[in-house]
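Here is the structure we will look at, set down as structure tokens.
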There are 4 protein chains.
Amino acid sequence: MPPHVHRAAAPGHPSRGGRRRDPAADRAILEAALALLGEGCSFADLSMDLVAQRAGVARATVYRRWRNKEELVLAALGSLDLPVPHLEGLPLRDKLVALVDQIRHRGQDTLLHRLLAGLVGEAARRPHLVERFEETVVAQRRRAFEQALSEGVESGELRADLDVDQAIEMLTGPMLSRLILRQRPVDSAAFAESVVDMFLNGTRSRPGR
Amino acid sequence: MPPHVHRAAAPGHPSRGGRRRDPAADRAILEAALALLGEGCSFADLSMDLVAQRAGVARATVYRRWRNKEELVLAALGSLDLPVPHLEGLPLRDKLVALVDQIRHRGQDTLLHRLLAGLVGEAARRPHLVERFEETVVAQRRRAFEQALSEGVESGELRADLDVDQAIEMLTGPMLSRLILRQRPVDSAAFAESVVDMFLNGTRSRPGR
Amino acid sequence: MPPHVHRAAAPGHPSRGGRRRDPAADRAILEAALALLGEGCSFADLSMDLVAQRAGVARATVYRRWRNKEELVLAALGSLDLPVPHLEGLPLRDKLVALVDQIRHRGQDTLLHRLLAGLVGEAARRPHLVERFEETVVAQRRRAFEQALSEGVESGELRADLDVDQAIEMLTGPMLSRLILRQRPVDSAAFAESVVDMFLNGTRSRPGR
Amino acid sequence: MPPHVHRAAAPGHPSRGGRRRDPAADRAILEAALALLGEGCSFADLSMDLVAQRAGVARATVYRRWRNKEELVLAALGSLDLPVPHLEGLPLRDKLVALVDQIRHRGQDTLLHRLLAGLVGEAARRPHLVERFEETVVAQRRRAFEQALSEGVESGELRADLDVDQAIEMLTGPMLSRLILRQRPVDSAAFAESVVDMFLNGTRSRPGR
DNA sequence: TATTAATCGAGACGGTACGTCGCGTCTTTTC
DNA sequence: GAAAAGACGCGACGTACCGTCTCGATTAATA
């Protein structure tokens with residue numbers, strides 16, 4: 001009987017007897033965390049006590065579900081549903097613009113970005129958090145980018161020797177840096193368009209070409 | 001006798017009388033902070049007590065100089081001297097590669113990047129920290145980029161309608177995102193070269209070449 | 001969730017739920033405080049940290065029970081059990097001597113008197129401390145004196161117009177002043193006897209008697 | 001050249017050369033201390049910084065004169081001029097009442113008593129302070145009492161076997177205890193009269209009178 | 001239906017860091 | 001020299017969270 005059986009009461013739990021975890025508490029906690037972060041509460045400000053209070057739940061009820069603050073915030077992060085944009089049938093440029101601009105939209109009210117900013121610091125010494133961060137946030141976006149770029153290569157629109165990984169960094173880096181590191185708002189899709197156009201066409205002047 | 005006249009003893013201070021702040025203490029404290037951060041101590045782990053102890057100084061002596069941990073770390077950050085690379089006479093591509101790759105070098109041992117990562121979270125709710133961050137770290141790099149890009153435009157190598165701000169995001173974003181947000185090492189200049197080449201040439205296939 | 005509900009877990013507390021305060025901690029803390037004071041540690045020397053350490057308890061555990069040092073010391077003071085002397089059947093003079101001399105005995109090892117001396121200074125600006133001091137230390141002694149003196153009046157041994165309050169001051173004042181203010185030891189019951197005899201007989205020479 | 005040459009620059013100082021200590025500072029400091037204590041500032045509240053500030057003097061100037069807070073407060077205490085009441089020609093009872101009541105008057109505005117209360121605590125562990133307290137406050141009063149009582153014995157008014165020391169405790173103790181320990185105001189001379197009358201006549205009922 | 005076991009609320013507990021304050025000493029400049 | 005100003009080392013203060021641990025009261029599946 002380990003001291004913490006986090007998520008032990010998840011579906012498929014073999015135990016017999018005992019009260020079930022209240023699924024409403026799960027939701028209330030995550031929502032409370034998100035709400036607080038959205039209200040300008042930094043990662044460090046966000047205390048477990050505050051979250052529990054806001055969720056109308058005892059502190060232990062939070063700890064029963066998530067080992068610590070990072071895990072909680074990460075879960076809150078993961079609980080945001082991330083709408084995948086419709087790319088079917090769009091031309092390559094528009095696909096890429098949609099994907100890049102989606103990064104901006106995912107942080108409604110800049111909540112997500114603040115949240116990510118908070119995690120960045122903690123992540124410094126917790127490699128597994130970085131991994132989870134990658135899985136949760138980066139991975140699926142990555143796949144969408146990979147697909148769009150591969151199609152571009154196959155269709156001949158993009159160079160055959162394109163380094164896809166590198167290309168993804170090129171496309172996502174500017175937006176991420178702007179939103180999370182420099183914490184500046186991006187108000188329109190113009191930023192994404194500009195990034196994609198530079199990415200596709202480069203910046204050399206090509207008069208005679 | 002204000003309770004906190006931080007940095008009051010800075011150069012040019014008009015006061016007469018009173019013991020001067022020991023400049024050795026300033027250095028010792030900043031170095032201690034940097035050393036600890038460099039040794040894998042995260043922003044949250046870094047306690048004022050630890051810094052003071054390492055610096056061989058009383059805790060109050062730290063607080064006399066910096067109001068709190070964030071201010072201290074920011075100062076430590078600013079105290080890193082940032083070598084400006086020699087760009088004179090280099091072709092545009094090499095200039096840009098040097099500038100982009102310098103971002104990587106500035107965080108020797110990833111110290112600076114860890115440090116920045118730690119600040120990112122705190123900065124979320126302290127706008128003035130973001131500003132200071134911009135001034136301290138971003139501004140002078142920005143100027144170097146601006147100059148190189150402007151020269152490129154003037155020489156006709158870059159498009160006349162280039163949006164310089166946007167271009168800087170394109171060049172620095174990928175590296176920053178990789179080093180700070182995703183906390184992945186970048187071992188060679190190849191990354192910077194790749195970024196610059198994509199930036200200059202774009203990624204479209206160009207059959208006529 | 002009030003920040004400080006000191007003594008909330010006292011007997012008769014209606015709350016349900018929540019871990020009970022460890023009564024062993026209460027005792028350990030009070031004993032630690034008394035021990036330290038008894039070992040020659042002055043009121044100012046007595047640090048909360050030291051008390052907690054000696055009691056084998058976290059500092060917060062002390063603060064959870066008593067708001068600050070004064071409250072703690074006062075509680076420690078109150079925790080001394082004060083043996084009430086057997087007065088039944090004694091002649092008036094002996095009753096009074098026993099009561100006056102008890103003041104001396106209550107501060108075994110002068111612990112109590114040192115303690116009181118320490119409180120006197122703090123009490124200067126905290127009226128409620130003076131009140132608590134009265135309740136804790138003075139009140140029950142007062143009642144014993146009142147009873148003895150009233151009996152003396154009723155039996156005709158003492159003047160009918162005796163001002164009882166004043167009389168108590170007369171009896172206790174000299175001993176208190178000597179022990180606490182002047183901090184001089186009183187080694188035998190002779191002092192008490194002398195006080196009582198003067199109190200009863202006065203000091204006028206009475207040749208004709 | 002000892003680190004502290006307290007009071008070295010007092011009148012009669014043999015040194016040659018160097019600036020003289022400003023006697024106005026002496027006064028200003030003592031007055032500041034007394035004023036603060038009089039305004040309800042307890043001994044613990046009274047910080048050297050506050051005193052210096054109020055006196056319009058640097059903190060070091062205070063320390064140059066008195067080694068620490070206790071010494072300063074004690075000096076402030078001593079600086080109060082203590083009017084000796086005119087006893088010449090009064091009957092014994094009136095002499096004693098005047099002396100006892102003088103204890104009350106000496107603490108104008110209860111300043112002195114608060115001050116003494118503050119010292120009591122510190123004195124617990126500083127024997128020399130108690131001594132100085134005795135010298136400063138107790139001694140000269142003691143002599144006045146001794147004289148009055150001796151005269152009473154010689155004149156036959158008081159018992160020949162009177163223990164003078166004990167008698168002084170009897171007379172002063174109640175007032176001191178009331179003013180300093182219990183911190184209760186005494187508004188009229190009635191208290192002193194009552195003390196003296198009990199002292200002289202005792203409290204036994206005396207049917208033949 | 002009774003038993004049993006896990007959850008829930010509340011909140012105490014040992015830690016650790018925070019930022020402030022006061023002490024008594026020291027250094028520096030001016031008078 | 002003394003005086004004003006103020007830095008310095010030290011150490012206590014009281015607060016705030018952290019993550020763990022009891023409690024008694026609920027609540028569900030099992031026996």
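- In the set dT29(E), dC13(F), dC18(F), dT29(E) carries the atom at the smallest distance from any side-chain atom of R20(B).
- By the 4.5 Å heavy-atom criterion applied to side chains, L74(B) and W66(B) are not counted as neighbours.
- The nearest whole Å value for the distance from the CD atom in Q53(B) to the P atom in dG11(F) is 12 Å.
- If you check dG15(E), dA7(F), dC13(F) against the side chain of M48(C), the one that comes closest is dC13(F).
- Two residues, D22(A) and A60(C), neighbour DNA chain E, and the one matched to the more 5' nucleotide by heavy-atom proximity is D22(A).
- For R64(D), no side-chain nitrogen or oxygen approaches OP1 or OP2 of dA2(F) to under 4.0 Å.
- Checked by atom type and distance alone, the side chain of K69(C) never pairs as donor or acceptor with a backbone atom of S47(C) at under 3.5 Å.
- No salt bridge links R21(A) with D26(A); every basic N to acidic carboxylate O contact stays at or beyond 4.0 Å.
- With hydrogens and angles ignored, the 3.5 Å screen pairs no side-chain donor or acceptor of R67(A) with any backbone N or O of Y63(A).
- Contact annotation: T61(A) side-chain N/O to dT7(E) OP1/OP2 distance is not under 4.0 Å.
- For S47(C), whose side chain is taken as the heavy atoms from C-beta onward, the closest listed nucleotide among dA3(F), dC23(E), dC13(F) is dC13(F).
- Straight-line distance from the CG atom of D26(D) to the C1' atom of dA3(F): 13 Å, rounded to whole Å.
- Look at CZ on R21(C): it is 13 Å from C1' on dA10(E), rounded to the nearest Å.
- Scanning atom types as modelled, no donor and acceptor separated by under 3.5 angstrom connect the side chain of R59(C) and the base of dG15(E).
- Between R67(A) atom CZ and dC21(F) atom P there is a gap of 12 Å when expressed in whole angstrom units.
- Rounded to whole Å, atom P of dG11(F) lies 13 Å from atom CG of L50(C).
- Here the C1' atom of nucleotide dA12(F) and the CG atom of L72(C) are 14 Å apart, to the nearest Å.
- Side chain R19(C) to base dC21(F): a donor-acceptor pair is found below 3.5 Å.
- Set against dT15(F), dC23(E), dA12(E), the side chain of Y63(C) has dT15(F) as its closest nucleotide.
- Along DNA chain E, the nucleotide nearest to K69(D) and the one nearest to A58(A) differ in position, and the one closer to the 5' end is contacted by A58(A).
- In this structure, the CG atom of D49(D) is 7 Å from the P atom of dC23(E), given to the nearest Å.
- No donor-acceptor pair under 3.5 Å is formed between the side chain of D49(A) and the backbone N or O of A52(A).
- Rounded to a whole Å, the CZ atom of R65(A) is 17 Å from the C1' atom of dT20(F).
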